[in-house]
2 protein chains.
Amino acid sequence: MRRQVSIKDVASEAGVSASTVSYVLNENPNVTISAETRERVLSAARELNYVPNQAARTLGSSRVMGMTESKLIGIVIPQTEPEHYGARLMFSNPFYSSFLSALELPIRSAGYHLIVSGTNPGQSYFEIVRSRALDGVIILGMYPSDDEEEYISFNVPTVLVDCYGCDGRFFYGVNTDDYKGGYLATRHLLERGHRKIALVTGQLKENGVNVLRYRGYCDALEEFGVRPDSSLVFAGYVGFEYGAEAAREMAANMNNISAVFATSDITAIGVMNGFRANGISIPKDVSLIGFDDIEYASTCYPPLTTIRQNIEEKGKRAAGLILAAISNRNLPRVKEIIGLELIERATVRSLV
Amino acid sequence: MRRQVSIKDVASEAGVSASTVSYVLNENPNVTISAETRERVLSAARELNYVPNQAARTLGSSRVMGMTESKLIGIVIPQTEPEHYGARLMFSNPFYSSFLSALELPIRSAGYHLIVSGTNPGQSYFEIVRSRALDGVIILGMYPSDDEEEYISFNVPTVLVDCYGCDGRFFYGVNTDDYKGGYLATRHLLERGHRKIALVTGQLKENGVNVLRYRGYCDALEEFGVRPDSSLVFAGYVGFEYGAEAAREMAANMNNISAVFATSDITAIGVMNGFRANGISIPKDVSLIGFDDIEYASTCYPPLTTIRQNIEEKGKRAAGLILAAISNRNLPRVKEIIGLELIERATVRSLV
DNA sequence: TGCGTTTACTTTAACGTTAAAATAACATCA
DNA sequence: TGATGTTATTTTAACGTTAAAGTAAACGCA
């Protein structure tokens, strides 16, 4: 178990100083190195199979104030749903894993690595940001309101995905047009003659995506002269189990309901199963529309009509934003909106 | 943008030396510190909101040969499937995301962080292991045969999940009893009177999980006096698309087939859809059994009979193993086998 | 009393890297 | 000819932490 090959080993192999090796390897534009020396250094590094020590780089770079470079980007995935709703897993929603997949490649290609972390309900993720000297942070679905000022003082480029409420003075944002999605889904049902439209959604927390989808739902209803009926709004949790539970409740009173808008596909799948378990057929007895267009939406039976948000695009945009924000600390604090699209499949029946 | 609070700041605040702070904070058992001093240090650290710099710790710890501690565990997820089969995403199989979710908490609780990395097809993941001084590595589904000797020379505790072929002299292993799973699934079909049983699986690479499931399939057939028929074996890729494709092919010749064993649930779902698209009904016209028991297996329609592997358990075991291997470098190189269980749902019809 | 031991610290040096300053050889120009 | 600049390199110091070595006072005990 030998000591790791360091820059000094490369230096002595090439017959130069350590700095020279560093300059060559980093292609430092402030220093001129002769072609011949460069070649010697490069081949020595290759010969010794040299790999730079990132911890040393991180530490060394912190010498220049505020310039610490860990080449590490954190992705924080909050545990939002309570355990008893079956959300025992960080990625219980396939949305997250697709998003992560889409993120990883561009980030790796740019020479960064991804640290994935959940959050302990009480504990903050501030510690990892500081102890690891993260170059950037991507936060999913949670607005870090608790100690916003403190967090901002770290001055770490941060992209908020699927959160509202930040004022754009510090955070970058990547969002779907949730209001529009809620509106489109509901209008789709209304246009097909549905009037008694239930909503199954997660908690309607301020700054969350669900309130906006809810508002879109309300406004579409109003536009068609339908007064939103709070007894048709099931705001529990995002997930299969809650969808099934809501469907069970709805099943007891089906003459009140002709269609359901579930604000996420996994919830919609739950609704589907809950109805089926109660002998209610989709779309014959009730229509259903989801949100997200996860893979299952197209492979379930019947295939789910849904609002497609391009998750891959979202991941790529988040990656692009964080990388841009890291390399240009003055990048304007933009909020990018990802487009969406209604995908008609087989769960909505037209009544007209 | 002030300099980060370092151990020296804490030291001078508490009126002691930096080492004393280090000793107190790490509860170093080789050094005695008076209760009074400890208290002063602790409150100074709290006061200044001190967070240790992990890069400095990593670098410092590398002084003692072979004792480098980065508190970082890498999880390597190889891109095994070719793009054209729709496996555009690292986590296209929900199995991976569930596994990752189950891993993350125990690892975080133990004070480690998780670096997630895919692999560029050509490029090796060796570099990240060395440059980040990973304390441990978990590799999913790939046997690092290319430069095994070189990798072993790094001497980084490594858990191989779902790979065979390592001889247990260096790597730790977490596996499902894939042979048994293949056997059980096939026997289940045989016992219900099926004889013409097709297999839809990924590539039958040596050291992969699919060969073992395949062998279990063959042996069960032989046990029931059925000669395996290679024209019934579809060995393409793991994924929805390939399952659907295989089903399309099978649909052309249904009198040859009465049941299908798909060696992963996502493939099974693909098969299900492929058959449905061709007007073939499950389980009336053909029976189907999967493998994994991903969440969707229970929520799809009809609910999928499958071999359940406890993915959460697998994640926890992998986490436990890697943590144990890190803290005890002499831990015997065990291979843990996760049990499995046949879950009867609605896709297998009995012919007897 | 004197010597070894224990307690409670402090000082030093090192981990691998790189920015900045220093150096030295050589070229350019007034 | 000497001042100035350029090129190519080396030396130095610093990042934050901690293991190891050092120190000094207090204690135990023969």
Side-chain angles (χ1 to χ4, degrees), chain A residues 1-41 44-45 48 50-71 130-133, chain B residues 1-41 44-45 48 50-71 130-133:
Chain A
M1 201 198 314
R2 66 201 182 291
R3 216 183 80 271
Q4 81 166 274
V5 175
S6 85
I7 206 167
K8 283 178 192 159
D9 300 310
V10 177
S12 64
E13 174 78 15
V16 296
S17 73
S19 296
T20 302
V21 176
S22 169
Y23 293 142
V24 170
L25 263 31
N26 296 308
E27 297 175 4
N28 188 321
N30 305 317
V31 178
T32 46
I33 302 285
S34 72
E36 187 233 347
T37 302
R38 178 195 319 286
E39 217 25 76
R40 269 214 323 285
V41 168
L48 297 175
Y50 168 73
V51 173
N53 178 321
Q54 183 58 52
R57 282 189 162 169
T58 304
L59 185 57
S61 68
S62 72
R63 198 141 45 98
V64 185
M65 269 232 342
M67 283 287 90
T68 313
E69 258 208 345
S70 61
K71 292 287 176 184
R130 292 217 282 152
S131 73
R132 298 280 177 190
Chain B
M1 202 198 310
R2 67 200 181 291
R3 216 185 79 271
Q4 83 165 271
V5 175
S6 85
I7 207 167
K8 282 179 194 159
D9 300 310
V10 178
S12 66
E13 174 79 15
V16 295
S17 73
S19 296
T20 302
V21 176
S22 169
Y23 294 142
V24 170
L25 263 31
N26 295 308
E27 297 175 4
N28 189 318
N30 304 317
V31 178
T32 45
I33 302 285
S34 72
E36 187 233 349
T37 302
R38 178 194 319 286
E39 217 23 78
R40 269 214 324 286
V41 168
L48 297 176
Y50 169 73
V51 173
N53 179 322
Q54 183 58 53
R57 283 189 161 169
T58 304
L59 185 57
S61 68
S62 72
R63 200 142 45 98
V64 185
M65 269 230 342
M67 284 287 88
T68 312
E69 260 209 343
S70 62
K71 292 286 177 185
R130 293 217 282 152
S131 74
R132 298 281 176 190

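Just so we're on the same page: letters track the sequence lines, and every chain starts at 1.
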Please give, in whole Å, the distance from [N] [atom2] to [X] [atom1]?
{"X": "B:Glu36", "N": "C:dT7", "atom1": "CD", "atom2": "P", "result": "18 Å"}
{"X": "B:Lys8", "N": "C:dT11", "atom1": "NZ", "atom2": "P", "result": "13 Å"}
{"X": "A:Leu59", "N": "D:dT17", "atom1": "CG", "atom2": "P", "result": "9 Å"}
{"X": "B:Asp9", "N": "D:dG16", "atom1": "CG", "atom2": "C1'", "result": "10 Å"}
{"X": "B:Asn30", "N": "C:dT10", "atom1": "CG", "atom2": "C1'", "result": "17 Å"}
{"X": "B:Met67", "N": "D:dT17", "atom1": "CE", "atom2": "P", "result": "21 Å"}
{"X": "A:Gln4", "N": "C:dA14", "atom1": "CD", "atom2": "P", "result": "17 Å"}
{"X": "A:Leu48", "N": "C:dG16", "atom1": "CG", "atom2": "P", "result": "14 Å"}

Side chain to side chain donor-acceptor pair (under 3.5 Å) pairs, two or more places apart, involving residues 11-20 of chain B: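 For residues 11-20 of chain B: B:Ser17-B:Thr20.
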
Which residue pairs satisfy the side chain to side chain donor-acceptor pair (under 3.5 Å) criterion with at least one member in residues 55-64 of chain B, sequence neighbours excluded?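 Only B:Asn26-B:Arg57, B:Gln54-B:Thr58 qualify under side chain to side chain donor-acceptor pair (under 3.5 Å).
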
Going 5' to 3' along nucleotides 18-28 of chain D, which nucleotides have protein heavy atoms under 4.0 Å from the base (write B), which only from the sugar-phosphate (write S), and which from neither (write -)? BBB--------

Look at all strands and tell whether [X] reaches a base, only sugar-phosphate, or nothing, counting heavy atoms closer than 4.0 Å.
{"X": "A:Val31", "value": "base"}
{"X": "B:Thr68", "value": "nothing"}
{"X": "B:Thr32", "value": "base"}

Side chains of B:Asn53 and B:Ser6 in contact at under 4.5 Å (non-hydrogen atoms):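 Side chain of B:Asn53 against side chain of B:Ser6, heavy atoms only: no contact under 4.5 Å found.
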
With B:Val31, which residues qualify under side chain to side chain contact (heavy atoms under 4.5 Å, CB included), at least two apart?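 Only B:Tyr23, B:Asn28, B:Ile33 meet the side chain to side chain contact (heavy atoms under 4.5 Å, CB included) criterion with B:Val31.
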
Report the nucleotide, chosen from C:dC9, C:dT17, D:dT7, that has the shortest atom-to-atom distance to any side-chain atom of A:Asn53.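 Of the candidates, C:dT17 comes closest.
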
Would you mind telling me which of C:dT10, D:dT9, C:dG16 lies closest to the side-chain atoms of A:Ile33?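 Given the options C:dT10, D:dT9, C:dG16, the side chain of A:Ile33 is closest to D:dT9.
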
Does a side-chain N or O of [X] approach OP1 or OP2 of [N] to a distance below 4.0 Å, or not?
{"X": "A:Ser34", "N": "D:dT9", "answer": "yes"}
{"X": "B:Ser17", "N": "C:dT10", "answer": "yes"}
{"X": "B:Thr58", "N": "D:dT17", "answer": "no"}

Just verifying a value: how many Å separate A:Leu25 CG and A:Arg38 CZ, rounded to the nearest 0.5 Å?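 With rounding to 0.5 Å, CG (A:Leu25) is 10.5 Å from CZ (A:Arg38).
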
Only pairs at least two apart or in different chains count here, so list each salt bridge (charged side-chain N to carboxylate O under 4.0 Å, His left out) that has a residue in residues 24-34 of chain B.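 Residue pairs passing salt bridge (charged side-chain N to carboxylate O under 4.0 Å, His left out), neighbours aside: none found.
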
Does B:Glu36 have any salt bridge (Lys or Arg N to Asp or Glu O under 4.0 Å) partners at least two apart in sequence or in another chain, and if so, which?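 With sequence neighbours excluded, B:Glu36 shows a salt bridge (Lys or Arg N to Asp or Glu O under 4.0 Å) to B:Arg40, given in chain and number order.
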
